[in-house]
Amino acid sequence: MSDDQLSQGTLCVMVERPETGPDFQDRRGSAKRTAVQWREQHPDAEVGMVMLPYGMAALCIRDLELEIPGALFGQEESVPATMRQVQLSVPLKAGPGSVLFVFMTEDREHWNEYLEVLSGIMKSISDEEPRVESAVKAAVQDAGGTEQRA
């Protein structure tokens with residue numbers, strides 16, 4: 001984090017791809033239906049839709065009050081925790097299904113910094129195959145090394 005404090009968050013990515021369904025889906029309609037469901041399920045959450053380079057996605061941001069089992073910390077009592085969570089449901093272009101991105105952290109003080117990182121990830125989503133040669137060159141350059149052919 002920018003203030004040299006340690007911070008932790010968790011990002012889970014889940015792909016839901018049903019075996020049957022049409023070859024084409026109305027992605028805007030799918031994102032809208034998801035947003036409507038989230039709004040009904042979580043009335044206190046910030047729910048909406050966001051346009052990504054890949055296409056429309058549903059967005060849900062909410063705080064969760066959890067009880068962490070004390071046994072995880074060697075205690076008998078549960079430990080209360082407030083987690084902030086963002087979910088993005090991105091309908092797939094090729095057939096039915098979607099990708100669900102879920103990020104959560106207890107560190108709400110650094111929430112905006114986490115959103116910047118998550119924004120970069122979401123902007124990078126593509127249905128194109130990565131160009132391996134370019135990725136290898138970038139990794140070598142970032143590591144400060146030089147690329148040599150064998």
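Side chains included, hydrogens not; waters and symmetry mates left out as well; all remaining heavy atoms used. Index from 1, following the sequence. Quantities reported herein were computed from a predicted structural model and do not represent experimental measurements.
If you chain together hydrophobic residues whose side chains sit under 4.5 Å apart, V117 and L52 fall into the same group. Under the 4.5 Å side-chain contact rule for hydrophobic residues, L64 and L100 do not share a cluster. Hydrophobic cluster membership differs between M14 and I121, with clusters built from Ile, Leu, Val, Met, Phe, Trp and Tyr side chains linked at under 4.5 angstrom. In the hydrophobic cluster analysis, where Ile, Leu, Val, Met, Phe, Trp and Tyr join through side-chain heavy atoms closer than 4.5 angstrom, L92 is grouped together with V50. Both W111 and L59 are part of a single hydrophobic cluster, where members link through side-chain heavy atoms under 4.5 Å apart.
E65 is linked by a side chain to side chain donor-acceptor pair (under 3.5 Å) to T82, counting only residues two or more places apart in sequence or in another chain. For Q37, there are no side-chain contact (heavy atoms from CB on, under 4.5 Å) partners at least two apart in sequence or on another chain. Partners of L118 under the side-chain contact (heavy atoms from CB on, under 4.5 Å) rule, at least two apart in sequence or in another chain, are L11, V86, L88, F103, M122. Applying the side chain to side chain donor-acceptor pair (under 3.5 Å) criterion to Q85, with sequence neighbours excluded, gives R62, Q87. Scored by the side-chain contact (heavy atoms from CB on, under 4.5 Å) test, E46 finds I61 as partners (sequence neighbours excluded). Applying the salt bridge (charged side-chain N to carboxylate O under 4.0 Å, His left out) rule to K93 yields the partners D127; only residues at least two apart in sequence or on another chain are considered. A search for side-chain contact (heavy atoms from CB on, under 4.5 Å) contacts involving P18 returns E16, P96, not counting sequence neighbours. D26 pairs by the side chain to side chain donor-acceptor pair (under 3.5 Å) definition with nothing, not counting sequence neighbours. In terms of the side chain to side chain donor-acceptor pair (under 3.5 Å) criterion, R27 has no residue partners (sequence neighbours excluded).
The nearest pair of heavy atoms linking Y114 to S7 is OH-OG, 2.5 Å. Considering every non-hydrogen atom in both V47 and C60, the closest pair reads CG2-SG, 3.9 Å. Here the closest non-hydrogen pair linking Y54 and P91 is CE2-O, 3.4 Å. The shortest heavy-atom contact between G48 and A35 is O-CB, 3.9 Å.
Within the structure, salt bridge (charged side-chain N to carboxylate O under 4.0 Å, His left out) contacts touching residues 76-91 (residues at least two apart or in different chains) are D63-R84. Screening residues 35-45 for salt bridge (charged side-chain N to carboxylate O under 4.0 Å, His left out) gives no qualifying pairs among residues at least two apart or on separate chains.
Grouped with M49 in one hydrophobic cluster are M51, M56, the linkage being side-chain heavy-atom contacts under 4.5 Å among Ile, Leu, Val, Met, Phe, Trp and Tyr residues.
To the nearest 0.5 angstrom, K123 atom NZ is 12.0 Å from I125 atom CD1.
Screening L66, I68, T10 for a side chain to side chain contact (heavy atoms under 4.5 Å, CB included) with M83, the sole residue that qualifies is L66.
Side-chain atoms of T105 come within 3.5 Å of backbone atoms of Q8 as a donor-acceptor pair (strictly under, hydrogens ignored).
In the displayed structure, R17 atom CZ is contacted under 6.0 Å by more than 12 heavy atoms of other residues, nucleotides or ligands.
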